[in-house]
Amino acid sequence: MGETKYIFVTGGVASSLGKGIISSSIGKLLQARGYKVTIQKFDPYINIDPGTLNPYEHGECYVTVDGHEADLDLGHYERFLSIQTTKANNITTGRIYKSVIDKERRGDFLGKTVQVIPHITDEIKRNIKHLGSKYKFDFVITEIGGTVGDIESLPYLESIRQLKWEMGNSALCVHLTYVPFLAAAKELKTKPTQHSVKELQSLGVQADILMLRSEHELGASIRKKVALFCNVEEDAVVQSVDVPTIYEVPLKMQEQNVDKIILRKMGLPIGKDPELVPWKTFLCRRANATEEVTIALVGKYVELQDAYKSILESLSQAATYNDRKLIIKYVQSEELTDDNIAEKLAGVDGIVICPGFGSRGVEGKFVATRYTRENDIPTFGICLGMQCMAVEFARNVLNLTGANSVEMDEKTPYNVIDIMEEQKAVTNMGGTMRLGAYECVINPNSKVYEAYQEEHIQERHRHRYEFNNAFRNQYENAGMKCVGTNPESDLVEIVEIPELKWYIGTQFHPEYSSTVLNPHPLFLSFIKAAINK
């Protein structure tokens with residue numbers, strides 16, 4: 001196509017309006033037209049990455065193939081576009097400032113006073129253009145975290161202003177705002193949008209496309225009014241109304257010609273509309289699924305769904321491809337006891353033991369894994385969930401009283417889960433775990449192999465602790481098989497009990513590599529087992 005085109009997605013009025021979904025939807029439409037597209041997220045917080053953030057603060061921490069701990073929106077980018085993101089796709093203010101300060105310490109600025117403009121903004125611009133210049137993408141979509149008006153977002157918006165001025169029609173801005181409905185007055189109000197756009201204009205950035213987020217349909221008169229007050233072409237004022245699933249958003253954007261508007265504004269040929277047949281087929285199966293499958297999510301962050309975002313989406317995709325409507329039952333692991341476990345898990349078809357860190361709620365996970373093992377309920381343990389399976393088995397099958405992970409009890413007499421050797425000298429918390437994609441070799445005589453249909457796989461990790469191979473023979477002889485191992489380190493990656501319907505734990509996070517058009521084989525197999533239960 002020639003030079004890379006840049007699309008900036010900003011937000012106004014309120015946060016959590018769905019900039020990540022809008023960015024992913026635009027990317028999907030452009031990708032469907034044959035363009036090479038990637039998306040990056042710029043987060044204005046000063047943390048180097050979200051790896052040390054509590055899920056209550058920031059939701060799920062997503063992990064890229066190259067081992068970067070990233071914002072959860074990167075999961076949306078990958079699920080929509082079936083691409084793999086890297087460290088370059090998620091930049092924080094902390095990383096921007098650290099890079100500039102490191103350069104200053106090396107003397108790169110030749111004694112000049114280091115300032116926000118031009119040094120910080122130049123570093124932001126360099127990171128924005130890096131993906132396009134290095135990997136030759138046709139489109140780089142850049143989502144700016146936060147809301148216009150936030151003081152921490154100012155350097156990013158100034159960088160956008162400069163890039164739009166430098167690049168001409170090779171850069172444009174999509175601004176997402178909120179149009180509230182006042183129930184008492186029975187009216188939609190555009191004033192917050194007008195103020196948000198004025199704030200953006202005061203920083204020197206003119207929105208080229210306005211996305212109006214609302215729970216109600218916006219009439220032509222409202223969109224015409226917004227266009228007039230905000231200096232945006234009338235056909236470039238687009239509504240983003242609530243839909244049953246986020247995967248319908250690309251089609252809603254296509255109906256309003258968003259991709260055509262972008263191509264026209266950037267001087268590119270428009271051509272025929274992509275048919276998006278596989279995408280529409282997925283949505284059709286999802287809409288027509290009437291039979292239900294109920295999955296319990298057992299974890300300590302169940303009141304915060306974003307903490308398990310990728311797991312929820314992976315389960316949803318797998319249910320759709322099994323022609324089922326997914327029902328999620330959230331089970332707080334802190335509340336589970338031997339006395340109430342049967343009641344809490346009543347009526348479920350399968351159970352996911354969620355990942356996490358720390359001792360809070362872990363005893364409840366032990367209770368859950370014992371109950372599902374003894375009652376032969378399909379169970380999927382992920383990361384800490386797999387470790388909980390191993391600890392429970394050691395206690396109640398191997399009769400190793402007091403068996404535990406050293407994460408929970410450093411003095412446990414049976415450290416069936418131990419800290420990894422290379423982690424023992426680690427003192428810093430951020431970016432120091434076993435992160436990113438690692439190889440795993442699967443035993444061909446296993447349910448896991450039946451799911452993958454291949455012996456050599458790669459999956460993403462995020463952990464410090466591992467299955468202790470000193471106990472491996474005891475597990476295998478008692479019926480819990482270690483069916484997946486890393487070929488270099490011999491770390492146990494997957495355990496299963498073949499005598500049960502479906503009782504599998506993975507040290508890795510399969511949810512990170514499940515996409516709309518390529519659902520993960522383990523989730524497909526798990527949902528199928530839950531249905532057959």
Side-chain angles (χ1 to χ4, degrees), residues 49-63 69-72 75 295-315 328-337 341 344-345 350-372 379-393 404-410 412 416-420 423 426 429-436 459-467 493-495 504-512 514 522-523 526:
D49 57 51
T52 57
L53 288 175
N54 189 309
Y56 289 116
E57 288 278 329
H58 209 68
E60 169 189 78
C61 178
Y62 193 79
V63 177
E69 293 171 297
D71 182 81
L72 62 81
I295 303 297
L297 223 59
V298 179
K300 63 179 178 179
Y301 299 118
V302 291
E303 67 274 27
L304 182 74
Q305 295 180 28
D306 274 357
Y308 305 119
K309 190 65 178 175
S310 292
I311 292 175
L312 288 169
E313 294 304 320
S314 300
L315 289 169
I328 292 289
K329 184 173 183 178
Y330 297 97
V331 180
Q332 172 55 254
S333 58
E334 276 190 287
E335 299 173 358
L336 288 180
T337 65
I341 184 67
K344 294 283 187 181
L345 298 184
I351 291 157
V352 174
I353 309 297
C354 294
F357 298 93
S359 59
R360 184 168 71 88
V362 76
E363 290 295 331
K365 291 181 179 180
F366 297 153
V367 170
T369 54
R370 179 175 186 174
Y371 181 82
T372 57
T379 305
F380 196 170
I382 298 174
C383 199
L384 178 61
M386 172 264 203
Q387 295 173 4
C388 289
M389 287 175 156
V391 171
E392 185 280 321
F393 194 87
N404 212 332
S405 164
V406 296
E407 180 184 9
M408 314 308 166
D409 179 6
E410 291 183 356
T412 173
V416 294
I417 304 296
D418 203 357
I419 191 164
M420 301 176 70
Q423 291 287 319
V426 170
M429 295 296 290
T432 55
M433 285 184 275
R434 186 174 189 243
L435 293 164
E459 294 285 3
R460 304 182 210 182
H461 296 67
R462 185 175 185 248
H463 63 106
R464 297 185 193 278
Y465 299 85
E466 62 174 334
F467 182 94
E493 302 276 16
I494 312 172
V495 298
I504 294 172
T506 64
Q507 184 59 74
F508 52 78
H509 289 260
E511 70 272 19
Y512 292 147
S514 186
L522 280 182
F523 282 96
F526 170 62

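For the single chain, residues carry numbers from 1 onward in sequence order.
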Ile382: which of Glu511, Gln507, Gln387 passes side chain to side chain contact (heavy atoms under 4.5 Å, CB included): Glu511
Any chance you could lay out the side-chain contact (heavy atoms from CB on, under 4.5 Å) test for Leu336 and Phe366, step after step, and finish with the verdict? CA-CA 9 Å; Leu336 288 180; Phe366 297 153; over 6 Å; no
Does some side-chain heavy atom of [Y] sit less than 4.5 Å from a side-chain heavy atom of [X]?
{"X": "Ile295", "Y": "Phe526", "answer": "yes"}
{"X": "Pro355", "Y": "Ile311", "answer": "yes"}
{"X": "Leu297", "Y": "Leu312", "answer": "yes"}
{"X": "Thr412", "Y": "Val406", "answer": "yes"}
{"X": "Tyr301", "Y": "Asp306", "answer": "no"}
{"X": "Leu384", "Y": "Met408", "answer": "yes"}

About how many Å separate [atom2] of [Y] and [atom1] of [X], when rounded to the nearest 0.5 Å?
{"X": "Leu522", "Y": "Ile494", "atom1": "CG", "atom2": "CD1", "value": "6.5 Å"}
{"X": "Phe467", "Y": "Met386", "atom1": "CZ", "atom2": "CE", "value": "6.5 Å"}
{"X": "Arg464", "Y": "Asp418", "atom1": "CZ", "atom2": "CG", "value": "14.0 Å"}
{"X": "Met433", "Y": "Tyr465", "atom1": "CE", "atom2": "OH", "value": "10.5 Å"}
{"X": "Asn404", "Y": "Glu363", "atom1": "CG", "atom2": "CD", "value": "6.5 Å"}

Taking the inter-plane angle between the rings of His461 and Phe508 on a 0 to 90° scale, is it parallel (under 30°), tilted (30 to 60°) or perpendicular (over 60°)?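 Correct class here is perpendicular.
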Give the ring-plane orientation class for Tyr62 versus Tyr512, where under 30° counts as parallel, over 60° as perpendicular and anything between as tilted.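 Tyr62 and Tyr512: perpendicular rings.
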Treating [X] as the side-chain partner and [Y] as the backbone partner, does any N or O pair qualify as donor plus acceptor under 3.5 Å?
{"X": "Tyr308", "Y": "Val302", "value": "no"}
{"X": "Lys300", "Y": "Phe357", "value": "yes"}
{"X": "Lys329", "Y": "Lys344", "value": "yes"}

Shortest non-hydrogen contact between [X] and [Y], atoms and distance:
{"X": "Val391", "Y": "Ser405", "answer": "CG2-N, 3.9 Å"}
{"X": "Gly358", "Y": "Glu407", "answer": "N-OE2, 2.9 Å"}
{"X": "Ser333", "Y": "Lys365", "answer": "CB-CG, 3.9 Å"}
{"X": "Ile341", "Y": "Ala368", "answer": "CD1-CA, 3.9 Å"}
{"X": "Pro55", "Y": "Leu304", "answer": "O-CD2, 2.9 Å"}
{"X": "Ser514", "Y": "Ser314", "answer": "CB-OG, 3.3 Å"}

Go through the steps for Thr372 and Ile353 under the test side-chain contact (heavy atoms from CB on, under 4.5 Å), then give the verdict. CA-CA 10 Å; Thr372 57; Ile353 309 297; 5.7 Å; no
For Glu303, look at atom CD and say whether over 12 heavy atoms of other residues, nucleotides or ligands are found less than 6.0 Å away. yes
Before giving the answer on side-chain contact (heavy atoms from CB on, under 4.5 Å), spell out for His509 and Cys383 the whole-Å C-alpha distance, their side-chain angles and the decisive distance to 0.1 Å. CA-CA 7 Å; His509 289 260; Cys383 199; 3.5 Å; yes
Taking only Lys NZ, Arg NE, NH1 and NH2, and the carboxylate oxygens of Asp or Glu, determine whether Glu60 and Arg462 approach each other closer than 4.0 Å.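 Arg462 and Glu60: not salt-bridged.
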